Amino acid sequence: MTRPKFEQRKLLLRGQEQVDRAIALLRNVPLDAERPLEVLVREEVKVRKLDQNARMWAGPLKDISEQVWSDRRQYSAEVWHEYFKQQFLPDEFDPDLCKDEQYRKWDFDPGGQAVLVGSTTDLTVKGFAQYMEQIHAFGGQMGVEFHEPPIRGPQ
């Protein structure tokens with residue numbers, strides 16, 4: 001008989017109390033040779049903050065969409081956002097930049113065409129700060145006058 005679905009749990013080990021709780025959890029997990037559980041221990045992954053996202057849309061994406069002309073036309077913030085994801089999202093998983101080991105930037109549709117599936121929501125605080133620095137560098141090369149300073153994250 002197989003075990004019921006195991007709900008994922010996240011424990012942050014800040015002190016001995018949390019270590020003891022993790023040990024107790026491991027002693028009591030249901031075991032199943034057909035569906036083994038995975039244990040992963042790593043430094044906490046800091047996810048990006050919602051204010052970073054809001055600042056991206058109200059700041060550099062807005063400034064670039066209002067000031068940059070390409071092929072005699074301007075593009076919306078949404079189009080620039082898609083363009084920057086193609087250009088600046090990490091090509092492969094990097095634990096410093098991506099929240100999840102399952103991260104991927106591209107997938108393929110049934111016809112074999114590459115499809116951008118990566119998202120800025122996949123980035124850590126540091127990954128998002130790097131992404132924003134690349135957008136600011138692009139805008140700077142295009143002569144954009146930004147209304148907000150670049151977002152800085154932990155280095």
Side-chain angles (χ1 to χ4, degrees), residues 1-65 76-110 113-141 144 146-155:
M1 184 169 144
T2 60
R3 65 170 166 72
K5 178 165 174 48
F6 186 81
E7 293 299 321
Q8 178 176 311
R9 295 185 183 119
K10 178 179 177 179
L11 299 172
L12 297 176
L13 304 177
R14 292 194 168 99
Q16 190 59 47
E17 181 180 335
Q18 292 84 14
V19 170
D20 293 342
R21 201 173 299 153
I23 292 169
L25 173 66
L26 288 173
R27 283 192 179 120
N28 294 299
V29 295
L31 300 177
D32 184 338
E34 303 278 321
R35 293 177 30 212
L37 297 175
E38 176 182 40
V39 176
L40 171 68
V41 178
R42 65 180 179 192
E43 289 189 21
E44 180 183 15
V45 176
K46 302 278 188 189
V47 297
R48 72 184 177 106
K49 300 172 181 109
L50 291 177
D51 64 323
Q52 284 181 303
N53 189 59
R55 286 181 62 199
M56 173 182 69
W57 286 97
L61 288 178
K62 181 177 184 289
D63 293 337
I64 289 170
S65 69
S76 68
E78 291 80 9
V79 169
W80 282 113
H81 180 56
E82 291 302 313
Y83 175 77
F84 292 140
K85 288 191 306 183
Q86 291 173 23
Q87 298 299 310
F88 303 138
L89 283 178
D91 289 320
E92 297 178 0
F93 171 74
D94 178 329
D96 287 337
L97 306 178
C98 308
K99 294 189 293 190
D100 188 349
E101 290 177 359
Q102 303 303 315
Y103 169 82
R104 59 195 158 93
K105 182 176 180 176
W106 300 99
D107 203 346
F108 295 91
D109 69 17
Q113 296 287 353
V115 177
L116 179 69
V117 294
S119 169
T120 58
T121 61
D122 297 325
L123 301 175
T124 62
V125 171
K126 180 178 180 178
F128 194 75
Q130 177 179 301
Y131 177 79
M132 292 300 295
E133 287 174 11
Q134 292 169 306
I135 290 174
H136 276 89
F138 172 89
Q141 291 173 344
V144 173
F146 291 107
H147 294 95
E148 289 195 31
I151 298 169
R152 301 270 182 222
Q155 299 301 318

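Values below: all heavy atoms of this structure, side chains included; hydrogens, waters and symmetry mates excluded. Worth saying up front: this structure is predicted, and the values here are computed from it rather than measured. Residue numbers start at 1 and run along the sequence shown.
- One finds the SG atom of Cys98 at 11.5 Å from the NZ atom of Lys126 (value rounded to the nearest 0.5 Å).
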Worked verdict on Gln102 versus Phe93 for side chain to side chain contact (heavy atoms under 4.5 Å, CB included): CA-CA 8 Å; Gln102 303 303 315; Phe93 171 74; over 6 Å; no
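- For Asn28 (side chain) and Ala24 (main-chain N/O), a donor-acceptor pair under 3.5 Å exists by modelled atom type.
- Across every non-hydrogen atom of Ala114 and Trp106, the tightest pair is CB-CE3, 4.1 Å.
- Aromatic ring centres of Phe138 and Phe84 lie closer together than 6.0 Å.
- One finds the CG atom of Leu37 at 7.0 Å from the CG atom of Leu31 (value rounded to the nearest 0.5 Å).
- Between His136 and Phe146, the two ring planes are tilted [angle within 30° to 60°].
- Side chain of Thr124 to main chain of Lys99: no donor-acceptor pair is present (N/O by atom type, distance under 3.5 Å, no hydrogens or angles).
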What do the steps show when you test Glu78 against Leu61 for side chain to side chain contact (heavy atoms under 4.5 Å, CB included), and what is the final call? CA-CA 8 Å; Glu78 291 80 9; Leu61 288 178; over 6 Å; no
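- Between the side chain of Asp20 and the main chain of Glu17, no donor-acceptor pair closer than 3.5 Å is present.
- One distance of note links CG of Asp96 with CD of Gln130; it measures 9.5 Å at 0.5 Å rounding.
- The main-chain N or O of Gly15 is found under 3.5 Å from a side-chain atom of Gln18 such that the two form a donor-acceptor pair.
- At distances below 3.5 Å, at least one donor-acceptor pair connects side-chain atoms of Asp109 with backbone N or O atoms of Gln113.
- Looking at every heavy atom in both residues, Leu89 comes nearest to Gly118 through CD1-C, 3.5 Å.
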Are Leu123 and Tyr131 close enough, and set up right, to give a side chain to side chain contact (heavy atoms under 4.5 Å, CB included), and what steps lead you there? CA-CA 9 Å; Leu123 301 175; Tyr131 177 79; 3.9 Å; yes
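- Two residues are said to be in side-chain contact when any heavy atoms from C-beta on lie closer than 4.5 Å; Lys105 and Pro90 fail this criterion.
- The minimum heavy-atom distance between Val117 and Asp122, with the atom names listed, is O-OD2, 4.5 Å.
- In the displayed structure, Gln16 atom CD is contacted under 6.0 Å by more than 12 heavy atoms of other residues, nucleotides or ligands.
- At least one donor-acceptor pair under 3.5 Å links the side chain of Asp63 to the backbone N or O of His147.
- Residues passing the side chain to side chain contact (heavy atoms under 4.5 Å, CB included) test with Val41 are Val39, sequence neighbours excluded.
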Show your reasoning for whether side chain to side chain contact (heavy atoms under 4.5 Å, CB included) applies to Gln87 and Gln134. CA-CA 9 Å; Gln87 298 299 310; Gln134 292 169 306; over 6 Å; no
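- The closest side-chain heavy-atom distance from Trp57 to His81 is below 4.5 Å.
- Listed here is the closest heavy atom pair of Pro60 and Ile135: CB-CG2, 3.9 Å.
- With a 4.5 Å cut-off on side-chain heavy atoms, Glu92 and Arg104 do not count as touching.
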